[in-house]
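Remarks on the structure that follows.
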Amino acid sequence: MADWELAQLNIALMRAPIDDPVMAAFAARLDEINAIADAAPGFVWRLQDDDGAATSFRPFGDDVLVNMSVWRDVEALKDYVLRSDHAQLLRRRKAWFERMEAAYSVMWWVPAGHRPSLAEAAERLERLRRDGPGSRAFTFRDSFPPPADGLHA
């Protein structure tokens, strides 16, 4: 078993409430896209509410959706995000979400078996926004390997 797993958070500023017709096509695909993630090679865990999605979690504001998950490694997450049916949603994101100027996605290494809290994820996103990419908060473009010294990331 690996010592480290990859945690990720991404947030999105909605153009309208999740139950608004503007968001209908996105909301209609949530169960499908979550099922694809759940079955993806390298998938470990995702934040979910009682409905199996994460739309009820709003730590960044009422109009901001969160997605948080844990993966085997960066490549497994990248394969899901860019090479599965999830990519179809990415291409249409401007229809549902406002452009965000600040960083809206962050990755970091967690000890295998650890499930991050939203507070931990918010701290990692703030670290990325404040300090830029580093070993404790990074992006696909500037990713870092898991810690080699056995210390917590």
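Numbering of residues begins at 1 and proceeds along the displayed sequence.
Between the OG atom in S117 and the CE atom in M68 there is a gap of 6.5 Å [rounded to 0.5 Å]. Expressed to the nearest 0.5 Å, how far CG of L13 lies from CG of L65 amounts to 9.5 Å. N67 contributes atom CG, which lies 11.5 Å from atom CZ of F57 (distance to the nearest 0.5 angstrom). Separating the NZ atom in K78 from the CZ atom in R83 is a distance of 6.5 Å, to the nearest 0.5 Å. With rounding to the nearest 0.5 angstrom, the CG atom of L30 is 6.0 Å from the CD1 atom of I18.
With sequence neighbours left out, the side-chain hydrogen bond (donor to acceptor under 3.5 Å, both in side chains) criterion links R92 to no other residue. Shown here are the side-chain hydrogen bond (donor to acceptor under 3.5 Å, both in side chains) partners of D73, two or more places apart in sequence or in another chain: there are none. For Y104, the ring-ring contact (aromatic ring centres under 6.0 Å, His included) criterion is met by no residue, not counting sequence neighbours. Every residue meeting the side-chain contact (heavy atoms from CB on, under 4.5 Å) condition with R127, not counting sequence neighbours, appears here in chain and number order: E123, R130, D131, R136, A137. Partners of R93 by salt bridge (Lys or Arg N to Asp or Glu O under 4.0 Å), not counting sequence neighbours: none found. Checked against side-chain contact (heavy atoms from CB on, under 4.5 Å), S105 has the following partners two or more places apart in sequence or in another chain: N10. When the ring-ring contact (aromatic ring centres under 6.0 Å, His included) test is applied to F60, no partner is found at least two apart in sequence or on another chain. In this structure, R129 has no salt bridge (Lys or Arg N to Asp or Glu O under 4.0 Å) partners at least two apart in sequence or on a different chain. Applying the side-chain contact (heavy atoms from CB on, under 4.5 Å) rule to D31 yields no partners; only residues at least two apart in sequence or on another chain are considered. Considering only residues two or more places apart in sequence or on other chains, E126 meets the side-chain hydrogen bond (donor to acceptor under 3.5 Å, both in side chains) condition with none of them. Every side-chain contact (heavy atoms from CB on, under 4.5 Å) that P17 has, sequence neighbours left out, goes to D19, D20.
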>> Apply side-chain contact (heavy atoms from CB on, under 4.5 Å) to residues R15 and F97 and explain how you reach the verdict.
In response: CA-CA 5 Å; R15 291 189 175 275; F97 301 107; 5.5 Å; no
> V81 and Q8: side-chain contact (heavy atoms from CB on, under 4.5 Å), yes or no, with the steps?
Replying inline: CA-CA 12 Å; V81 170; Q8 74 80 32; over 6 Å; no
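Considering only heavy atoms from C-beta on, I33 comes within 4.5 Å of Y80 through its side chain. Side-chain atoms of D79 and P41, non-hydrogen and from C-beta on, never get closer than 4.5 Å to each other. Residues L77 and F140 have side chains in contact (heavy-atom distance under 4.5 Å, counting atoms from C-beta outward). No side-chain heavy atom of L47 sits less than 4.5 Å from a side-chain heavy atom of R115.
Aromatic ring orientation, F144 versus F138: tilted (interplanar angle from 30° to 60°).
Looking at W109, its side chain never comes within 3.5 Å of a backbone N or O of P147 through a donor-acceptor pair.
Here the shortest heavy-atom pairing between L125 and A103 reads CD1-O, 3.5 Å. V64 and M14 make their closest contact through N-CE, 4.4 Å (heavy atoms, listed as atom of the first residue, atom of the second, distance). Closest approach of V22 and A95 over heavy atoms only: CG1-O, 4.0 Å. Of all heavy-atom pairs between A7 and P116, the closest is CB-CG, 4.0 Å.
Within the structure, side chain to side chain donor-acceptor pair (under 3.5 Å) pairs that include any residue of residues 42-65 comprise D38-R46, D49-S56 (at least two apart or interchain).
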